Amino acid sequence: MAKGVKDPADDDDDYIDIDDTGPGDLKGADGGYAWEEEYKRSWDVIQEDASGSIQSVVLGISDQLRHKRRVRDTEAIQRGIIRHVVLILDQSESMNLRDLMPTRIQAALTMVGAFIGEYFDQNPISQLAVIATKDGLAEKLTDLSGNPMDHLGALKEKANKDLAGEPSLQNALELAMHTLKRAPTHGSREVVCVMGSLTTCDPGDIAQTLEALKLAQVRVSMVHLAAEVHVFKKICKETGGVFYVAQNEDNMKDLLFENVPPPPIVSAKATSDMIQMGFPIKANNSEVPTPCVCHHELSFVGYICPRCKSKVCSLPTDCDVCGLPLVSAPHLARSYHHLFPEENYKEVVGDFVDSSCFGCGTVWAEPPDASEHGVSRYRCPRCKHEYCLECDIFIHETLHNCPGCV
Amino acid sequence: MLLLPGETIKHTSETLCNKEDGLLHFTNKRLAWCKTGSQTPAVEVLHDHFRVQRVSKAEAKKVMLRVTAALPQGAPGDAQAEVTHTFTWRLADTDAAVADREKYVAELSVITSKRSQGATTTPSSGPAPTPGGQGEAAAVAAPAATAGPAPGGSEYGRVKVGAIPASAEEIKLRLDVLSKNAELAKLHKSLVVSGLVPEDEFWSTRKHILEMQAIQSQLRKGESSTWLDLAPTTQESGNFKYTITPSVARRIFKEFPQVKRAYIENVPHRVSEKQFWKSFVSSQFFNRGRSADAAKGSRDTIFDKCTQEEDALFDNTARHDLELLNNLLNLTRTEEDSVETGNAADFTMRPASKDSKLALIRRFNRHSELVLQSVLNNKRKYDAPGPSVTELAIKEATVLEDLDAPEAEKRVKLNIQDKSRYFTSMTTDANDNAPGSDAPERGQANASSVRSALKISFDISRPLASCGNAQTTMASMLSSAHRLATQRRPNRIQELHIPDDLNRAVAECHGAGTEMLRHLWALLRLPPTADRQTKSAKIVAAFDGVLKRINETIVKASTAESKNANLGSTVERMLQPITTSLHTGKQAYERRSLKVVM
C-alpha cells in the first residue's frame, strides 16, 4: 500500500478530494510536478563570455556534474565485502543499434572492461563471472574467478562475435544462479546485467525464476541502454537491486560504476562469524624453477599456501589443492575502505586557511571580481585542510584516506 | 550348459558362431557359446579377458556381434595374444534380433566402463572405428534404461554426474567439457591418458565442471513472440520470393488456426505442400491485412473458406461471458456511465468501421492473446472475484509507485568494537620500518638507508668527485638493476639444460602428486566418516608410490648426462615443493585420524 496518497474511502462521499500536494521531494520549485512546468530550454544556459569562447561555461557545467557526483553515503553500515558477481551481457540484435557510439555493443564492451578493472581494484577479494545471452540461449564465457585478465581476455575474443536473435533473461539468470550456488554463503551473491533489448525470449515462466532468485538471496541489478521494461525493473526491485536506464555513454559508465562499491546487506541473516583465509608467504627459489599447481608450469616465483604447502602463481586466489582462499594483507586493507568511508567534505566560502590546495599544491586562483566565487574549496572536518574539487574526488573515490589526517 | 559354481545365466540366444548353430549365454562370470547339443562351451570369454566388442552396421543384412578377448595365457594388451569371435543372429525378424543383441551389448559395455582404464572408455583414443565401434555400442545400450532425451531437448537431462560406473551420457558430457576447455584437456591428457590417475578419480573432484556443462546444454530456446511479418524479397526479374521454413510454417499455424486446419485437410492428398504455400501467399486471406486495398490478391477455394470461417467466428457475439471480466479491462463498462449522466451511448467503441483494418485488428488481438496465454497458461482462472479483492485490484491499478517518495532502504548498522584501532594502525605503520628483515632475506635494503645513499648534491661549482656519494649511489643503483635484469632474463629455464625426459618425469610426479593431494584435502575438509577415512587411508598409502617415483627421478638425474653438472641437486630442488606438500598432507591425515580415534 502506498504512503502519502490519501485513502479515498476516508473522505466524504460527496466530495472527491483531488490531492495535488503529493510527496514533497518530487515537486519542483513552483510546487508542481516536473511535467507541469514549462519546458526548459537547455541551450539557453550556454552563453559566450567576453572573449567569445564558451569554454568557461562548458567547464562550469562539467564542474556542476562532478559536484552532483560528490555526495555519497558515508554511514557505517554492514556491507558484503566478499562478493560473487555474475555479469550478464546482452548479445542480441538490438545491440547493433547506433544510438551509443559506435554501436551499443562496442560501447558496452568498453564500459564493461573498465568496470572489471575498477571492480577488482576496489574489491580485490571478490570474484566475477561473465555470461552472454543471445538467440534465446545463454552461454557462460568465464567461470567465477578473481583474476581480471581471464575476464578481459574472454571479452576480447568471444564477446565480439555475431549478435543474433533475442536475449533470454530467464536462461541467463538460471545459469547465473547455478554458478552462484557454488559460492560460499558468507559471500554476497549478485548479478549485474547490461541489456539493450526491449524483449526477452524465455522458455518458461520468469516469475518462477524470480521466486528462485529471492530464495537464493541473489541481488539482481541492471543497466538498460534503451528504456524501462516492466519485467526487468520488477526483478531488480524485488531482489533488492537497482534498475537504471542510461541516457548517454557517460551516464552509462556512471550507472554501471554504481555497482563497484559493495552493496549494503539488507537482511540481518545469520552470517558466519569466522571465515578461514590463508596469508601465503612468497616462495623464494631464485635459482631453480618449480612447478605451480594452478597451471602445472615451471616458474621462479610464487606463493606457498600455508595449509597444504603447494605453490600458486598469483594472489588473490583459491588454493587449487585445498581450496583455502589466499589473500595478502593489502588486499584486505583495500576492501576495508568501504566499511570506513571518508566523510564528505563541506564546501567553504570565506574563512580560508590555506593558500594552496593541500592535496596537489596548486595555488588558489583569485576570482576576477569580488562578487564571484573562486574555485570551490572543500574542507576535511577532522584536519581542517582544504582541497580542490579534483583532489576531493580523488580522495573519496581512489585513496579513501585524507592525506591531512594520516 | 554346465555352469561354474556360483554362476547364473543372464541372457541366452540362438546364434551362429563359425557357421555352426548354437546357444550364446551371458552369465555373471563369462560370455559362453555352446554348440547345439553340447554341454560344454566351445567358445568362452571370461569377463576379465574381454576387451572389445563390435556390432554390425544398422542396415546390414546380418545381425552380428564380434567380441575380441585376450587369451588367458597372454599378457593384456598383447596384440598377438588376442582372439576374436563372431556371433550371428539368425532370427527372421531383424528388429527382434537387434533388440536381442543389444542386451549383450549393454552387459559388455557395463564391464568396460567398470574397468576404470581410460583407454577403452574414450572412443577418441580407441582402436580404429569399425562400423559401430565401442562408443556407439555404449551410447546405444546404456540409455535403454533411461527414456530418450529429456523434454528440454538435451541428452544430459537425466545424467547423474558422479555415478560409478559412469553412464554413457556422462562420458559424452566429459568429452564435451574437454573439447571446450583446452587447459583441462591438457591436464587430462597428461594425467589420465598416461595412466597416472584413473579417469573416475580425475572427474570426481571436478564434478562441478560437468554439472555446469550439463545445465548449459539443457537450456532451451523459448518461442519467439515477435510479430510474424512474411516479407518478400524482390528478385531481379521482379518476382517476389517468400521464404517459408518449417519454423515459419509453425508460427503461421499458431497465428491462423484456420490455415492449420486447411493444411491438414488438403496436404498432401489434394494439393502439394509447395502449391499450398504458393496459393497461401497469393490469396486474399493473406494479403487482406497487409495492404489498404482489400481487393488485392487472388481468390482461392481453400483460403476463401478460411476467410469465411474467421468472419463467422467473430460475428458470433455471444462468445464471452462478460460478467467474469475484470472491471478495469471491460470495455463495455462505459455503457453504464453514459446512462446515468444522460449522455448518449458510446458509439466509438465499435471495431473497425472500415473493413480493411478489421483483419489486422483481429490478427493483432489474437497475437496478444497467444503471448499472454503462453505465460499465464491456466494459472489465472476466471473466477468471479469477491468485492474486497476487486477493491484491492483497483487500488493496485491506480497507485503508481514512481510517484511515491522513495522508501529508505533498511540497512544494518555496522557494529565494530573498537573503531579507533583501524585508524591508529594506519599511523603507526607509516612510522616504523616494517620488520621485513625477519622474513627471508630479499636483498632489499631498508628504505631510508637506500634513500640516504642516493643523496647527491648537485652543486656544480665543485668537481664531480667531491659531490657526495655519487659513486656509491651509482654502484648501488646499477647493482640492483643488474640483479633485476638477471632475474628476468628470458630462457632462464633452458639454461639449466634439463633433458626432456627428466622434464616430463618431473611434470608427471608433480601432476600425480597434486591430483592425489586434491583428493585428500577434499576428503579432509568434510566431517570424517568411516567411508572417508578409508578413502583417505588409501590415498595416503598411494603417496608412497609417488615419493618413490620422485626418488627414482632424482637418482636418474644425478646419473644422467647433461651440460648441467648439478643436475641431480637441481631436479631435487625442483621436486622439493611437491615432496613437502605430500608430507604435509600425510601429517594432516595422521592428525585427523588421531582425533577420530580419540
Side-chain angles (χ1 to χ4, degrees), chain A residues 1-5 22-26 75-78 135-140 143 166 168 170-171 174-175 178-179 182 199 201-205 264-266 268 281 283-291 293 295-296 298 300 304 307-311 320-323 336 339-340 401 406, chain B residues 183 186-187 190 208 211-212 215-216 219-226 375 377 395 399 401 403-406 409-414 416 419 422-423 426-427 430 439-440 442 487 492-493 496 506-507 510-511 514 517-518 521-522 524-525 570 573-578 580-581 583-585 588:
Chain A
M1 208 75 74
K3 309 167 188 73
V5 173
D25 355 1
L26 291 176
E75 198 190 330
I77 48 174
Q78 281 190 10
D135 212 12
L137 298 169
E139 187 199 338
K140 188 154 68 95
D143 212 346
E166 295 175 86
S168 171
Q170 187 182 19
N171 280 336
E174 296 271 337
L175 204 55
H178 280 285
T179 315
R182 275 192 62 223
T199 60
C201 182
D202 297 329
D205 189 2
I265 292 183
V266 179
I281 50 176
N284 200 10
N285 319 79
S286 42
E287 297 309 317
V288 176
T290 47
V293 295
H295 308 104
H296 292 270
L298 293 173
F300 284 94
I304 309 272
R307 186 154 77 179
C308 61
K309 305 281 183 292
S310 34
K311 189 170 99 157
D320 257 348
V321 173
C322 63
Y336 270 25
L339 296 178
F340 301 97
N401 283 309
V406 171
Chain B
E183 236 183 65
K186 208 171 62 164
L187 198 60
S190 62
H208 58 271
E211 276 164 10
M212 252 340 239
I215 287 165
Q216 199 172 333
L219 300 175
R220 342 190 293 268
K221 186 173 161 173
E223 279 209 29
S224 177
S225 57
T226 49
V375 176
N377 293 330
K395 223 168 235 166
V399 169
E401 294 166 346
L403 296 182
D404 296 333
E409 267 178 32
K410 295 185 288 255
R411 288 160 165 203
V412 185
K413 273 215 81 95
L414 187 59
I416 302 183
K419 231 181 182 179
Y422 174 72
F423 294 107
M426 286 198 310
T427 46
R442 287 168 210 167
Q487 269 179 5
R492 239 179 120 185
I493 298 179
L496 290 169
V506 167
H510 178 80
T514 315
L517 279 168
R518 283 188 76 180
W521 284 107
L524 284 179
R525 270 191 296 172
T570 310
R573 274 189 291 171
M574 276 170 76
L575 291 166
Q576 183 60 34
I578 190 71
T580 328
S581 321
H583 284 300
T584 316

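Not measured: the values here are computed from a predicted model. To find a chain, count down the sequence lines: A is the first, B the second, and so on, and within it residues start at 1.
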What's the separation between atom [atom1] in [X] and atom [atom2] in [Y], rounded to the nearest 0.5 Å?
X        : Y        : atom1 : atom2 : value
B:His208 : A:His178 : NE2   : NE2   : 15.0 Å
B:Arg525 : A:Arg307 : CZ    : CZ    : 6.5 Å
A:Cys201 : B:Lys221 : SG    : NZ    : 6.5 Å

Which of the residues B:Leu517, B:Leu575, B:Ile215 is involved in the greatest number of heavy-atom pairs with chain A at under 4.5 angstrom?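 It is B:Ile215.
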Shorter than 4.5 Å, heavy atoms on both sides: which option in B:Gln576, B:Gln216, B:Lys186, B:His583 has the most such pairs with chain A?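 With the most close heavy-atom pairs to chain A, the winner is B:Gln216.
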Can you name the nearest heavy-atom pair linking A:Val321 to B:Thr514, along with the distance?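 Closest approach of A:Val321 to B:Thr514, heavy atoms only: CG2-CG2, 3.8 Å.
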Identify the heavy atoms of B:Leu219 and A:Ala138 that sit nearest to each other, and give their distance.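 Nearest pair, atom of B:Leu219 first, then A:Ala138: CD1-O, 3.6 Å.
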Whether A:Asp320 and B:Arg518 form a salt bridge (side-chain N of Lys/Arg under 4.0 Å from carboxylate O of Asp/Glu) is what I want to check.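 No salt bridge links B:Arg518 with A:Asp320.
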Which bit of [X] comes within less than 4.5 Å of chain B, counting heavy atoms only: side chain, backbone, both or neither?
X        : value
A:Gln170 : neither
A:Thr199 : neither
A:Asp202 : backbone
A:Leu175 : both

When only pairs under 4.5 Å are counted, which of A:Gly323, A:Pro291, A:Gly136 shares the most heavy-atom pairs with chain B?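 So the answer, after comparing A:Gly323, A:Pro291, A:Gly136, is A:Pro291.
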Taking side chain as everything from C-beta outward and backbone as N, CA, C, O, which of these in B:Ser581 sits under 4.5 Å from a heavy atom of chain A? Side chain, backbone, both or neither.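 Both parts, heavy atoms under 4.5 Å.
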Kindly determine whether A:Asn171 and B:Arg220 satisfy side chain to side chain contact (heavy atoms under 4.5 Å, CB included), including the steps that lead there. CA-CA 8 Å; A:Asn171 280 336; B:Arg220 342 190 293 268; 5.9 Å; no
